[in-house]
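The structure presented is a predicted model; accordingly, all values stated were derived computationally and were not measured. Throughout, protein chains are lettered first and strands after them, A, B, ... in sequence-line order, and every chain is numbered starting at 1.
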Protein chains: 2
Amino acid sequence: MVRSGQLARRCGTSASLVRKDLSYFGGFGIKGKGYRVESLIDSIEKILGINKPVGLVLIGVGNLGSAILRYLQSVPYFTILGAFDRDQKKWGKKVGRIEILPVLSLGDFLREHPAELGVIAIPPDGVQDVVNTLSEGGVKGVLSFALSELEVPEGMVLQFVDIAAELEFLYYKANKSKK
Amino acid sequence: MVRSGQLARRCGTSASLVRKDLSYFGGFGIKGKGYRVESLIDSIEKILGINKPVGLVLIGVGNLGSAILRYLQSVPYFTILGAFDRDQKKWGKKVGRIEILPVLSLGDFLREHPAELGVIAIPPDGVQDVVNTLSEGGVKGVLSFALSELEVPEGMVLQFVDIAAELEFLYYKANKSKK
DNA sequence: TAGATTGTTAATCGATTAACAATC
DNA sequence: TAGATTGTTAATCGATTAACAATC
(Lines give C-alpha, C1' and ligand atoms only; values in the text may rest on other atoms or scores of the structure.)
Protein backbone atom coordinates (compact mmCIF):
# COMPACT_ATOMS: atom_id res chain seq x y z
CA MET A 1 0.00 0.00 0.00
CA VAL A 2 1.17 3.45 -0.81
CA ARG A 3 -0.54 6.72 0.03
CA SER A 4 -0.89 9.70 -2.29
CA GLY A 5 1.32 11.75 0.01
CA GLN A 6 4.17 9.28 -0.34
CA LEU A 7 3.89 9.24 -4.11
CA ALA A 8 3.80 13.03 -4.08
CA ARG A 9 7.00 13.31 -2.10
CA ARG A 10 8.77 10.97 -4.46
CA CYS A 11 7.55 12.81 -7.52
CA GLY A 12 8.05 16.29 -6.15
CA THR A 13 4.39 17.21 -6.29
CA SER A 14 1.37 17.37 -3.99
CA ALA A 15 -0.91 14.65 -2.67
CA SER A 16 -3.93 16.41 -4.16
CA LEU A 17 -2.42 16.37 -7.58
CA VAL A 18 -1.40 12.74 -7.43
CA ARG A 19 -4.96 11.79 -6.56
CA LYS A 20 -6.42 14.12 -9.17
CA ASP A 21 -4.18 12.88 -11.94
CA LEU A 22 -4.65 9.22 -11.13
CA SER A 23 -8.40 9.60 -10.82
CA TYR A 24 -8.46 11.16 -14.29
CA PHE A 25 -7.61 7.72 -15.64
CA GLY A 26 -9.73 5.79 -13.17
CA GLY A 27 -10.25 5.08 -9.49
CA PHE A 28 -7.20 3.04 -8.69
CA GLY A 29 -7.15 3.60 -4.96
CA ILE A 30 -8.95 2.27 -1.93
CA LYS A 31 -10.56 4.86 0.28
CA GLY A 32 -9.10 4.96 3.74
CA LYS A 33 -6.17 2.78 2.65
CA GLY A 34 -4.23 4.12 -0.31
CA TYR A 35 -3.09 2.44 -3.52
CA ARG A 36 -2.03 -1.18 -3.86
CA VAL A 37 1.46 -0.90 -5.32
CA GLU A 38 1.24 -3.87 -7.67
CA SER A 39 -2.13 -2.95 -9.12
CA LEU A 40 -1.13 0.70 -9.41
CA ILE A 41 1.94 -0.27 -11.43
CA ASP A 42 -0.28 -2.41 -13.65
CA SER A 43 -2.72 0.44 -14.11
CA ILE A 44 -0.01 2.95 -15.01
CA GLU A 45 1.58 0.49 -17.41
CA LYS A 46 -1.78 0.12 -19.07
CA ILE A 47 -2.22 3.89 -19.31
CA LEU A 48 1.19 4.23 -20.94
CA GLY A 49 0.51 1.23 -23.15
CA ILE A 50 3.62 -0.60 -22.00
CA ASN A 51 1.73 -3.54 -20.55
CA LYS A 52 2.69 -5.46 -23.66
CA PRO A 53 6.31 -5.32 -24.89
CA VAL A 54 7.07 -2.33 -27.09
CA GLY A 55 9.30 -3.08 -30.06
CA LEU A 56 12.04 -0.64 -30.93
CA VAL A 57 14.96 -0.15 -33.23
CA LEU A 58 18.14 1.75 -32.50
CA ILE A 59 20.14 3.56 -35.12
CA GLY A 60 23.75 4.40 -34.43
CA VAL A 61 25.84 2.04 -32.33
CA GLY A 62 28.68 4.30 -31.22
CA ASN A 63 29.52 4.87 -27.59
CA LEU A 64 26.16 6.42 -26.88
CA GLY A 65 24.19 3.88 -28.91
CA SER A 66 25.97 0.95 -27.25
CA ALA A 67 25.21 2.32 -23.81
CA ILE A 68 21.54 2.77 -24.65
CA LEU A 69 21.39 -0.63 -26.32
CA ARG A 70 22.75 -2.36 -23.26
CA TYR A 71 20.53 -0.41 -20.94
CA LEU A 72 17.33 -1.00 -22.87
CA GLN A 73 17.95 -4.74 -22.94
CA SER A 74 17.49 -4.61 -19.20
CA VAL A 75 14.13 -2.84 -19.33
CA PRO A 76 11.44 -5.52 -19.43
CA TYR A 77 8.71 -3.71 -21.36
CA PHE A 78 10.96 -2.80 -24.28
CA THR A 79 12.00 -5.31 -26.90
CA ILE A 80 14.89 -4.30 -29.08
CA LEU A 81 14.14 -5.62 -32.53
CA GLY A 82 17.29 -4.42 -34.22
CA ALA A 83 20.32 -2.12 -34.02
CA PHE A 84 21.79 -0.42 -37.05
CA ASP A 85 25.00 1.34 -37.98
CA ARG A 86 26.49 2.60 -41.21
CA ASP A 87 29.98 1.39 -40.33
CA GLN A 88 30.64 -1.91 -42.10
CA LYS A 89 33.19 -2.91 -39.45
CA LYS A 90 30.42 -3.16 -36.88
CA TRP A 91 28.03 -5.31 -38.90
CA GLY A 92 27.52 -8.73 -37.39
CA LYS A 93 28.99 -7.74 -34.05
CA LYS A 94 26.80 -7.96 -30.99
CA VAL A 95 26.01 -5.66 -28.10
CA GLY A 96 24.50 -7.91 -25.49
CA ARG A 97 22.27 -10.20 -27.51
CA ILE A 98 21.58 -7.72 -30.27
CA GLU A 99 23.41 -7.97 -33.58
CA ILE A 100 24.39 -4.82 -35.44
CA LEU A 101 22.96 -4.55 -38.95
CA PRO A 102 23.69 -2.22 -41.89
CA VAL A 103 21.69 0.96 -41.66
CA LEU A 104 20.79 0.57 -45.34
CA SER A 105 18.78 -2.53 -44.46
CA LEU A 106 16.61 -0.61 -42.01
CA GLY A 107 13.75 -0.08 -44.46
CA ASP A 108 13.54 -3.75 -45.38
CA PHE A 109 13.97 -4.79 -41.78
CA LEU A 110 10.99 -2.72 -40.67
CA ARG A 111 8.75 -4.40 -43.24
CA GLU A 112 9.63 -7.74 -41.63
CA HIS A 113 9.71 -6.53 -38.04
CA PRO A 114 7.32 -3.66 -37.40
CA ALA A 115 8.64 -1.44 -34.65
CA GLU A 116 6.74 1.03 -32.50
CA LEU A 117 9.61 3.31 -31.55
CA GLY A 118 13.01 4.36 -32.86
CA VAL A 119 16.03 5.70 -31.03
CA ILE A 120 18.55 7.75 -32.97
CA ALA A 121 22.14 8.02 -31.76
CA ILE A 122 24.02 9.03 -34.89
CA PRO A 123 25.79 12.25 -35.88
CA PRO A 124 23.36 15.01 -36.87
CA ASP A 125 23.85 14.94 -40.64
CA GLY A 126 22.16 11.66 -41.47
CA VAL A 127 19.16 12.08 -39.24
CA GLN A 128 16.55 13.23 -41.74
CA ASP A 129 17.03 10.15 -43.93
CA VAL A 130 16.76 7.85 -40.96
CA VAL A 131 13.62 9.61 -39.73
CA ASN A 132 12.03 9.28 -43.15
CA THR A 133 12.90 5.59 -43.36
CA LEU A 134 11.50 5.02 -39.89
CA SER A 135 8.32 6.86 -40.78
CA GLU A 136 7.84 4.88 -43.99
CA GLY A 137 8.43 1.75 -41.93
CA GLY A 138 5.51 2.66 -39.67
CA VAL A 139 7.44 3.88 -36.66
CA LYS A 140 5.28 6.36 -34.77
CA GLY A 141 7.66 7.75 -32.17
CA VAL A 142 11.33 8.67 -32.32
CA LEU A 143 13.72 9.70 -29.59
CA SER A 144 16.74 11.49 -31.00
CA PHE A 145 20.02 12.34 -29.34
CA ALA A 146 21.07 14.16 -32.50
CA LEU A 147 19.89 17.74 -32.47
CA SER A 148 19.55 18.41 -36.19
CA GLU A 149 16.68 20.46 -37.49
CA LEU A 150 14.12 18.17 -38.96
CA GLU A 151 11.12 17.95 -41.16
CA VAL A 152 8.91 15.75 -38.96
CA PRO A 153 6.82 13.37 -41.06
CA GLU A 154 3.05 13.46 -40.63
CA GLY A 155 1.88 11.23 -37.81
CA MET A 156 5.25 10.92 -36.12
CA VAL A 157 6.06 12.15 -32.64
CA LEU A 158 9.63 13.24 -32.29
CA GLN A 159 11.44 13.99 -29.08
CA PHE A 160 14.96 15.17 -28.46
CA VAL A 161 17.32 14.53 -25.61
CA ASP A 162 19.53 17.59 -25.37
CA ILE A 163 22.19 17.08 -22.75
CA ALA A 164 23.76 20.50 -23.22
CA ALA A 165 20.37 22.13 -22.68
CA GLU A 166 19.80 20.02 -19.56
CA LEU A 167 23.11 21.20 -18.18
CA GLU A 168 22.44 24.83 -19.03
CA PHE A 169 19.13 24.75 -17.26
CA LEU A 170 20.60 22.86 -14.33
CA TYR A 171 23.25 25.55 -14.00
CA TYR A 172 20.59 28.25 -14.08
CA LYS A 173 18.61 26.51 -11.35
CA ALA A 174 21.68 25.84 -9.23
CA ASN A 175 22.60 29.53 -9.28
CA LYS A 176 19.08 30.75 -8.78
CA SER A 177 18.61 28.66 -5.65
CA LYS A 178 21.97 29.90 -4.38
CA LYS A 179 20.66 33.45 -4.15
CA MET B 1 16.84 39.84 -36.96
CA VAL B 2 14.36 37.31 -35.75
CA ARG B 3 10.73 37.89 -34.86
CA SER B 4 8.90 36.47 -31.86
CA GLY B 5 6.69 34.41 -34.17
CA GLN B 6 9.68 32.67 -35.70
CA LEU B 7 11.14 31.85 -32.31
CA ALA B 8 7.74 30.58 -31.23
CA ARG B 9 7.46 28.19 -34.16
CA ARG B 10 10.89 26.80 -33.45
CA CYS B 11 10.16 26.32 -29.77
CA GLY B 12 6.65 25.02 -30.19
CA THR B 13 5.03 27.89 -28.36
CA SER B 14 3.28 31.19 -29.11
CA ALA B 15 4.63 34.58 -30.14
CA SER B 16 2.94 36.20 -27.14
CA LEU B 17 4.69 33.88 -24.75
CA VAL B 18 8.09 34.34 -26.32
CA ARG B 19 7.76 38.09 -25.92
CA LYS B 20 6.37 37.81 -22.41
CA ASP B 21 9.08 35.46 -21.22
CA LEU B 22 11.89 37.44 -22.79
CA SER B 23 10.56 40.71 -21.44
CA TYR B 24 10.53 39.21 -17.96
CA PHE B 25 14.32 39.31 -18.09
CA GLY B 26 14.56 42.60 -19.96
CA GLY B 27 13.64 44.38 -23.14
CA PHE B 28 15.85 42.62 -25.64
CA GLY B 29 13.88 43.44 -28.76
CA ILE B 30 13.47 46.40 -31.06
CA LYS B 31 9.92 47.53 -31.63
CA GLY B 32 8.82 47.20 -35.21
CA LYS B 33 11.87 45.08 -36.03
CA GLY B 34 12.29 42.02 -33.83
CA TYR B 35 15.32 40.69 -31.95
CA ARG B 36 18.92 40.95 -33.09
CA VAL B 37 20.06 37.33 -33.14
CA GLU B 38 23.55 37.92 -31.82
CA SER B 39 22.53 40.16 -28.97
CA LEU B 40 19.62 37.87 -28.08
CA ILE B 41 21.99 34.93 -27.81
CA ASP B 42 24.26 37.02 -25.59
CA SER B 43 21.32 38.02 -23.41
CA ILE B 44 20.07 34.46 -23.01
CA GLU B 45 23.56 33.23 -22.23
CA LYS B 46 23.78 35.87 -19.54
CA ILE B 47 20.40 34.82 -18.11
CA LEU B 48 21.53 31.22 -17.94
CA GLY B 49 24.90 32.27 -16.60
CA ILE B 50 26.82 30.49 -19.36
CA ASN B 51 28.41 33.66 -20.70
CA LYS B 52 31.57 32.59 -18.90
CA PRO B 53 32.77 28.97 -19.23
CA VAL B 54 31.16 26.59 -16.76
CA GLY B 55 33.53 24.04 -15.26
CA LEU B 56 32.33 20.48 -14.90
CA VAL B 57 33.48 17.05 -13.90
CA LEU B 58 32.25 13.75 -15.25
CA ILE B 59 32.16 10.58 -13.22
CA GLY B 60 31.99 7.25 -15.02
CA VAL B 61 33.74 6.85 -18.34
CA GLY B 62 31.97 3.82 -19.78
CA ASN B 63 30.24 3.90 -23.14
CA LEU B 64 27.79 6.53 -22.00
CA GLY B 65 30.37 8.62 -20.17
CA SER B 66 32.73 8.57 -23.15
CA ALA B 67 30.00 9.73 -25.47
CA ILE B 68 29.05 12.59 -23.16
CA LEU B 69 32.70 13.47 -22.60
CA ARG B 70 33.35 13.76 -26.31
CA TYR B 71 30.18 15.68 -26.90
CA LEU B 72 30.72 18.19 -24.13
CA GLN B 73 34.22 18.97 -25.36
CA SER B 74 32.52 20.39 -28.44
CA VAL B 75 30.21 22.72 -26.49
CA PRO B 76 32.01 26.04 -26.10
CA TYR B 77 30.53 27.26 -22.81
CA PHE B 78 31.38 24.11 -20.90
CA THR B 79 34.89 23.35 -19.73
CA ILE B 80 35.53 19.79 -18.67
CA LEU B 81 37.88 19.96 -15.74
CA GLY B 82 38.22 16.23 -15.15
CA ALA B 83 36.80 12.77 -15.87
CA PHE B 84 36.82 10.00 -13.31
CA ASP B 85 36.39 6.25 -13.27
CA ARG B 86 36.88 3.57 -10.69
CA ASP B 87 38.43 1.13 -13.17
CA GLN B 88 42.22 1.26 -12.83
CA LYS B 89 42.66 0.09 -16.42
CA LYS B 90 41.21 3.38 -17.66
CA TRP B 91 43.36 5.69 -15.56
CA GLY B 92 45.68 7.82 -17.64
CA LYS B 93 43.83 7.11 -20.88
CA LYS B 94 42.31 9.99 -22.73
CA VAL B 95 38.95 10.67 -24.30
CA GLY B 96 39.58 13.57 -26.64
CA ARG B 97 41.88 15.81 -24.66
CA ILE B 98 40.60 14.73 -21.24
CA GLU B 99 42.55 12.26 -19.13
CA ILE B 100 40.72 9.73 -17.00
CA LEU B 101 41.54 9.91 -13.29
CA PRO B 102 40.77 7.60 -10.35
CA VAL B 103 37.38 8.27 -8.85
CA LEU B 104 38.96 8.19 -5.39
CA SER B 105 40.90 11.34 -6.25
CA LEU B 106 37.72 13.27 -6.99
CA GLY B 107 37.51 14.93 -3.57
CA ASP B 108 41.11 16.18 -3.72
CA PHE B 109 40.72 17.19 -7.33
CA LEU B 110 37.74 19.42 -6.54
CA ARG B 111 39.72 21.28 -3.91
CA GLU B 112 42.28 22.16 -6.58
CA HIS B 113 39.81 22.65 -9.41
CA PRO B 114 36.44 23.93 -8.22
CA ALA B 115 33.68 22.73 -10.54
CA GLU B 116 30.21 24.15 -10.96
CA LEU B 117 28.49 21.03 -12.28
CA GLY B 118 28.87 17.27 -12.18
CA VAL B 119 27.68 14.62 -14.59
CA ILE B 120 27.20 11.10 -13.29
CA ALA B 121 27.32 8.16 -15.69
CA ILE B 122 28.10 5.23 -13.42
CA PRO B 123 26.05 2.21 -12.33
CA PRO B 124 23.40 3.07 -9.74
CA ASP B 125 25.05 1.60 -6.64
CA GLY B 126 27.91 4.06 -6.17
CA VAL B 127 25.96 7.22 -6.83
CA GLN B 128 25.30 8.40 -3.28
CA ASP B 129 29.00 8.46 -2.43
CA VAL B 130 29.82 10.39 -5.58
CA VAL B 131 27.04 12.88 -4.93
CA ASN B 132 28.31 13.44 -1.40
CA THR B 133 31.86 13.95 -2.59
CA LEU B 134 30.68 16.39 -5.23
CA SER B 135 28.64 18.29 -2.69
CA GLU B 136 31.55 18.52 -0.26
CA GLY B 137 33.67 19.71 -3.16
CA GLY B 138 31.29 22.61 -3.74
CA VAL B 139 29.47 21.31 -6.80
CA LYS B 140 26.03 22.88 -6.90
CA GLY B 141 24.32 21.00 -9.73
CA VAL B 142 24.43 17.37 -10.77
CA LEU B 143 23.01 15.64 -13.81
CA SER B 144 22.68 11.92 -13.26
CA PHE B 145 22.06 9.17 -15.75
CA ALA B 146 21.93 6.68 -12.90
CA LEU B 147 18.46 6.43 -11.43
CA SER B 148 19.23 5.44 -7.87
CA GLU B 149 17.26 6.89 -5.02
CA LEU B 150 19.24 9.57 -3.37
CA GLU B 151 19.59 11.71 -0.34
CA VAL B 152 20.17 15.08 -2.01
CA PRO B 153 22.62 17.20 -0.02
CA GLU B 154 21.50 20.65 1.13
CA GLY B 155 22.09 23.28 -1.52
CA MET B 156 22.51 20.87 -4.41
CA VAL B 157 20.23 20.71 -7.43
CA LEU B 158 19.96 17.23 -8.84
CA GLN B 159 18.46 16.27 -12.14
CA PHE B 160 17.99 12.89 -13.74
CA VAL B 161 18.00 11.84 -17.34
CA ASP B 162 15.71 8.82 -17.55
CA ILE B 163 15.77 7.38 -21.03
CA ALA B 164 13.28 4.62 -20.28
CA ALA B 165 10.82 7.20 -18.96
CA GLU B 166 11.35 9.36 -22.06
CA LEU B 167 10.53 6.36 -24.23
CA GLU B 168 7.49 5.42 -22.18
CA PHE B 169 6.07 8.90 -22.45
CA LEU B 170 6.96 9.08 -26.13
CA TYR B 171 5.05 5.87 -26.69
CA TYR B 172 2.07 7.22 -24.81
CA LYS B 173 2.07 10.38 -26.92
CA ALA B 174 2.54 8.49 -30.17
CA ASN B 175 -0.48 6.33 -29.43
CA LYS B 176 -2.59 9.16 -28.15
CA SER B 177 -2.06 11.23 -31.28
CA LYS B 178 -2.89 8.16 -33.38
CA LYS B 179 -6.44 8.08 -32.02
C1' DT C 1 -17.28 2.02 15.15
C1' DA C 2 -13.33 5.30 14.70
C1' DG C 3 -9.65 6.54 11.81
C1' DA C 4 -7.72 7.20 7.57
C1' DT C 5 -7.39 8.26 2.87
C1' DT C 6 -9.49 8.39 -1.59
C1' DG C 7 -12.12 10.81 -5.32
C1' DT C 8 -14.12 15.03 -6.43
C1' DT C 9 -15.91 19.67 -6.03
C1' DA C 10 -15.27 24.51 -5.57
C1' DA C 11 -11.81 28.12 -4.86
C1' DT C 12 -7.37 29.77 -5.94
C1' DC C 13 -3.59 30.54 -8.30
C1' DG C 14 -0.59 31.05 -12.17
C1' DA C 15 0.25 30.69 -16.95
C1' DT C 16 -1.21 31.71 -21.60
C1' DT C 17 -3.49 34.44 -24.90
C1' DA C 18 -5.50 38.42 -27.10
C1' DA C 19 -5.15 42.95 -27.94
C1' DC C 20 -3.11 47.30 -28.41
C1' DA C 21 -0.35 51.43 -27.25
C1' DA C 22 4.42 52.48 -27.83
C1' DT C 23 7.93 53.04 -31.02
C1' DC C 24 11.55 51.56 -34.27
C1' DT D 1 5.08 58.82 -42.78
C1' DA D 2 3.27 54.00 -43.03
C1' DG D 3 4.14 49.45 -41.61
C1' DA D 4 5.66 46.28 -38.48
C1' DT D 5 6.63 44.22 -34.19
C1' DT D 6 7.75 44.77 -29.45
C1' DG D 7 6.47 45.16 -24.45
C1' DT D 8 2.68 45.09 -21.51
C1' DT D 9 -2.03 45.10 -19.85
C1' DA D 10 -6.37 42.92 -19.15
C1' DA D 11 -9.04 38.75 -20.14
C1' DT D 12 -9.04 33.90 -20.46
C1' DC D 13 -7.91 29.61 -19.68
C1' DG D 14 -6.10 25.63 -17.33
C1' DA D 15 -3.71 23.67 -13.57
C1' DT D 16 -3.14 23.29 -8.65
C1' DT D 17 -4.80 23.40 -4.09
C1' DA D 18 -7.92 23.14 -0.23
C1' DA D 19 -11.51 20.95 1.66
C1' DC D 20 -14.70 17.45 2.51
C1' DA D 21 -18.18 13.82 1.60
C1' DA D 22 -17.75 9.02 0.52
C1' DT D 23 -16.14 4.81 2.09
C1' DC D 24 -12.71 1.23 3.13
Side-chain angles (χ1 to χ4, degrees), chain A residues 1-49 51 149 152 157-160 162 165-166 168-177 179, chain B residues 1-49 51 149 152 157-160 162 165-166 168-177 179:
Chain A
M1 270 314 172
V2 65
R3 280 167 276 126
S4 55
Q6 298 174 298
L7 293 169
R9 209 172 322 116
R10 287 267 217 115
C11 301
T13 181
S14 70
S16 269
L17 196 51
V18 167
R19 295 201 300 278
K20 190 123 218 272
D21 285 356
L22 286 176
S23 78
Y24 172 82
F25 293 101
F28 304 134
I30 302 158
K31 289 180 183 180
K33 297 289 178 182
Y35 300 85
R36 278 191 48 231
V37 174
E38 277 305 317
S39 81
L40 184 59
I41 290 172
D42 285 354
S43 301
I44 293 174
E45 285 184 351
K46 246 173 227 144
I47 294 167
L48 291 168
N51 49 323
E149 263 182 74
V152 182
V157 180
L158 196 133
Q159 197 171 310
F160 292 98
D162 184 342
E166 302 273 357
E168 291 162 21
F169 189 43
L170 178 68
Y171 184 56
Y172 173 74
K173 284 191 286 187
N175 284 320
K176 207 174 49 164
S177 70
K179 282 164 206 160
Chain B
M1 270 313 173
V2 65
R3 280 167 278 126
S4 55
Q6 298 175 297
L7 293 170
R9 209 173 323 116
R10 288 267 216 116
C11 302
T13 181
S14 70
S16 268
L17 196 50
V18 167
R19 295 201 300 279
K20 189 124 220 269
D21 284 357
L22 287 175
S23 78
Y24 172 83
F25 292 102
F28 304 133
I30 302 159
K31 290 181 182 180
K33 298 288 178 182
Y35 299 86
R36 277 190 51 231
V37 174
E38 277 305 317
S39 80
L40 184 59
I41 290 173
D42 285 353
S43 301
I44 294 173
E45 285 183 352
K46 247 172 227 143
I47 294 167
L48 291 168
N51 48 323
E149 262 183 74
V152 182
V157 179
L158 196 133
Q159 197 171 311
F160 292 98
D162 184 343
E166 302 274 356
E168 290 161 22
F169 188 43
L170 178 68
Y171 184 56
Y172 173 74
K173 284 191 288 187
N175 284 320
K176 207 174 49 162
S177 71
K179 282 163 207 165

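Residue B/R3 contributes atom CZ, which lies 15 Å from atom P of D/dG7 at whole-angstrom precision. In this structure, A/F25 places its CZ atom 14 Å from P of C/dG7, rounding to the nearest Å. As a whole-Å value, the separation of B/F28 CZ from D/dT8 P is 11 Å.
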Using the side chain to side chain contact (heavy atoms under 4.5 Å, CB included) rule, take B/M1 and B/I30 through it: C-alpha gap first, then chi angles, then the decisive distance, then the call. CA-CA 9 Å; B/M1 270 313 173; B/I30 302 159; 3.4 Å; yes

Should A/T13 and A/V18 be marked as a side chain to side chain contact (heavy atoms under 4.5 Å, CB included) after you check the CA-CA gap, both sets of side-chain angles, and the distance that decides it? CA-CA 7 Å; A/T13 181; A/V18 167; 3.9 Å; yes

In dot-bracket notation, what is the pairing pattern of DNA chain D, taking Watson-Crick (N1-N3 plus N6-O4 or O6-N4) and G-U wobble (N1-O2 and O6-N3) contacts under 3.5 Å, with [ ] crossing and | for other strands? ..||||||||||||||||||||||

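Considering all non-hydrogen atoms of both residues, B/S14 and B/A8 come closest at C-CB, 3.3 Å. When all heavy atoms are compared, the tightest approach of B/L40 to B/Y35 is CD2-CB, 3.9 Å.
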Reading nucleotides 11-24 of chain D from 5' to 3' and marking B where a protein heavy atom lies under 4.0 Å of the base, S where only the sugar-phosphate is that close, and - otherwise, the string is -----SBBB--BBB

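At least one side-chain heavy atom of A/V157 sits under 4.5 Å from a side-chain heavy atom of B/L170. Within the 4.5 Å cutoff, the side chain of A/Y172 has heavy atoms near those of the B/I47 side chain.
Residues meeting the salt bridge (charged side-chain N to carboxylate O under 4.0 Å, His left out) test with B/R9, sequence neighbours left out: none.
With a 6.0 Å radius and a threshold of 12 heavy atoms from other residues, nucleotides or ligands, B/F28 has its CZ atom above the threshold.
OP1 or OP2 of D/dG7 lies within a sub-4.0 Å distance of a side-chain N or O belonging to B/Y35.
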